Amino acid sequence: MDVTPILDGLNDAQRQAVTAAAEPMLVLAGAGSGKTRVLVHRIAWLIEVERVSPLGILAVTFTNKASAEMRARIETLLNMPVGNLWVGTFHGLAHRLLRRHYQEAQLPQGFQIIDSDDQLRIIKRMIKGLELDETAWVPREVQYFINAQKDEGRRAANMDDRGDYSRAQMIKLYQSYQDICERSGLVDFAELLLRAHELWLKNPDILGHYQRRFQHVLVDEFQDTNTIQYAWLRVLTGKTGIPFAVGDDDQSIYGWRGARGENMQRLQTDFPGISLIKLEQNYRSTANILNAANAVIDNNAGRLGKKLWTDDNEGDPIRIYNAYNERDEAEFITARIQDWVAQGNARADIAILYRSNAQSRVFEEAFFQNSVPYRVYGGLRFFERAEIKDAMGYLRLIQNRDDDASFERIINLPTRGIGAATITIIRDCARANATPMWHAALSSAGGQLSARAANAVQTFLALIEKIDEDTQGLDLHEQVNRTINQSGLIAHYKKEKGERGEARIENLDELVTAAEGFEPDDAELELPPLMAFLAHAALEAGDDQADKWEDCVQMMTLHSAKGLEFPLVFMAGVEEGLFPHKRSINDPSGLEEERRLCYVGITRAMQQLYISHAEQRRMWGSETYAQASRFINEIPAELVEDIRPKIAVSPPAFNSSNRQAVRRPNAATRSDAPIKLGQRVSHAKFGEGVVMNYEGAGPHARVQVNFEYEGMKWLVMSYAKLELL
DNA sequence: AATATCTTGCAGTCG
DNA sequence: GCAAGATATT
């Protein structure tokens, strides 16, 4: 047996983990230490050397991307397809189990998965239907409450209100929401996991089957598991299963969705003899980048303790850019990207990382203007677009008439004479009889509808039946195509004026193309095509729609960057209030999670890292002002090179940073405006200040100046008589 | 009931 | 600065 390809190029710690005996193992793997590599090689080792059947191995990841990549790497390494090896996300695997055992899980065969947007809509309608005050019972908070309970494995029926009225009401809402889902055959993301767990607990025979089958359970990003995911894994491994968990407590950034970094410690208590291996050698970043990351994360308490090191040389300093505003920041980054590309490097090697999706906008504008190809990850994804959801609403109703969420979404879209009043009657009737709305509509809400309304409703029902009938037996894409046409959605959006309508039609066309190119993965192969397609849409949301092959700059949030690496990284908007986010700033554990997020960001960079922050930023249509993030100050000064485009000789007084500025005469050149951003000026009354912004040109131009003592003011040039300093 | 116009809330991160 | 929801208008 030649094991060379499996062991080649592994360091001691990695090889130890890969070749370990069949016993529980926890691998504490720092960023860039070859975490995925160890997992992939471990699986290859089990199959090739230990002669474990691929059937006996379960590999769990968090993202679809990670599981696709893992399978691909395993197959490359083994040089053969391993279709019977289960690799998937927690949600994907739970879904697969629930489809296989829908009866034991007490789900209808055609159950549908809803995303958080659908969930929120259901909750909103429910609150309205119960005639509760929406300001007292905020839909978002109710949603958060419900999901948090599910993440912890709690059902409304088993919850104690602790004599607290508001808690009691929340529990009632949780129950009521659950009733709606049951009636409609809908399952939300958290429900997938909870149901899959309950499926095993309630059906020892099914559990026994999977326990016998999956002797080896490998988990990536273990620090991100939440309570229910941990419980699910724990139940599966039982007394004989062998967990192989890989994680990094310093990269635990999903606390807000219930992740428990403590699960790493818990695994050690649950499996007392578990082996612990630390991977501390980083193969990704320069020493400067790594040292910066280590210095930042060192400010967190209660870490499992590991120190990343590298053989790599120091590399370039971390470059900090202090921008005037977000446009300046974007222009600076655009210029640096153009330099990088001019030196013969690839755009695809560049990532712009930011804290929130909304920040992508400014960059998109700047890149568009400068013809820089880019790709934005996340944000509004394909299957989350309104028109796509409308089309999916029809498809879902065809698949499952009980789906109230879809029913309400499309009953009057396009408008067909069914107004709010009619829908309310149907909804109330459905609730009174605890039936799906489709059923209530069939009887025209027990005859409560006016003749005209009843007629319109029956026409709608007939339309759905007709589409169902007409599309029976057609290929999936033809089914989708017929549906969007017969539903009248295409005609409806054609009437919508402007580019908006056109874009929507294009997206609907793209939906047909997506259906045409849809290849169910092996779990989905077991399902009818339409059902597989709908489930796929809910679980994947269309992340990888864009052209991967084009050489373009990659833009994404810090969260979605985890697991990736780029030669050149820009971290933008690193400001107090934005990063760390203002909602976490006063909460010590929240702040530590932000810091871990910063650690994740820094460690994405291989060769060069730029961190930028803007003094002024337009948010929700108005200006905000912020200081450089505390995280920037946590990076040792000797690793840093400050870049300031200020021509000003005297240092700006309002800037708290005390680093030495590096002069860059060219960076500030901004068109031929008489006044430059960052220009120091003096005003007879207000004293000295710095130009932060301007509008227009000539004598009518207005400039915004940040005065040392008077603060921010807008001035008209022709009156202000500013003296340039 | 449909459409036009105004107001409000939003955007913190994901499957 | 935008989209969904509320309100006004037809």
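Chain A is the first sequence line, chain B the second, and so forth, proteins listed ahead of strands; every chain is numbered from 1. Fair warning: this is a prediction, and the values are worked out from it, not measured in the lab.
Where A/R257 and A/R140 each meet DNA chain B at their nearest nucleotide, the meeting point lying more 5' is that of A/R140. Nearest-nucleotide positions on DNA chain B place A/R416 closer to the 5' end than the other of A/R416 and A/S116.
Each of B/dA2, B/dG15, B/dA11 was ranked by its minimum atom distance to the side chain of A/T89; first place goes to B/dG15. Distances from the side chain of A/R452 to the nucleotides B/dA1, B/dA11, B/dG15 place B/dA1 closest. The side chain of A/T422 has B/dA1 as its nearest neighbour among B/dA11, B/dA1, B/dC14. Minimum atom distance to the side chain of A/R361 is reached by C/dG1, of the listed B/dT13, C/dG1, B/dG15. Distances were taken from every side-chain heavy atom of A/T63 (C-beta onward) to each of C/dG1, B/dT13, B/dG15; the shortest belongs to B/dG15. Side chain of A/R618, nearest nucleotide from C/dG1, B/dG15, B/dC14: C/dG1. Looking at the side chain of A/W256, the nearest of the listed nucleotides B/dG12, B/dG15, B/dT13 is B/dT13. When each of B/dG12, B/dA1, B/dG15 is scored by its nearest atom to the side-chain atoms of A/R355, the top-ranked nucleotide is B/dG12. Nearest nucleotide to the side chain of A/A386, out of C/dA6, B/dC14, C/dA4: C/dA4. Here B/dC14 is the nucleotide among B/dC14, C/dG1, B/dG15 with the atom lying nearest to any side-chain atom of A/N357.
Among the protein residues, A/E594 comes within range of the nucleic acid bases, having at least one heavy atom under 4.0 Å from a base atom. Note on A/F90: nothing from the nucleic acid sits closer than 4.0 angstrom, heavy atoms only. Within the nucleic acid shown, A/D115 has no heavy atom closer than 4.0 Å to any nucleic acid atom.
A donor N or O paired with an acceptor N or O is not found under 3.5 Å between the base of B/dG15 and the side-chain atoms of A/Q229.
Ring centroid separation for the pair A/Y102 and A/F111 does not come in under the 6.0 Å cut-off. In summary, the aromatic rings of A/Y254 and A/W256 are positioned with their centroids under 6.0 Å apart.
For the 3.5 Å distance criterion, the side chains of A/E634 and A/N299 qualify, holding a donor opposite an acceptor.
Between A/E326 and A/R617, none of the side-chain N atoms (NZ, or NE/NH1/NH2) sits under 4.0 Å from a carboxylate O, so this pair counts as no salt bridge.
Rounding to whole angstrom units, OH of residue A/Y377 and C1' of B/dG15 are separated by 18 Å. Taking atom CD of residue A/E364 and atom P of nucleotide C/dC2, one finds them 13 Å apart after rounding to whole Å. When rounded to the nearest whole Å, the span between CG of A/N64 and C1' of B/dG15 equals 7 Å. Distance NE2 (A/H91) to P (B/dG15): 9 Å, rounded to an integer number of Å. We find that CG of A/L578 is positioned 10 Å from P of B/dT13, with the value rounded to whole Å.
Between A/W200 and A/W232, the two ring planes are parallel [angle under 30°; tilted spans 30° to 60°].
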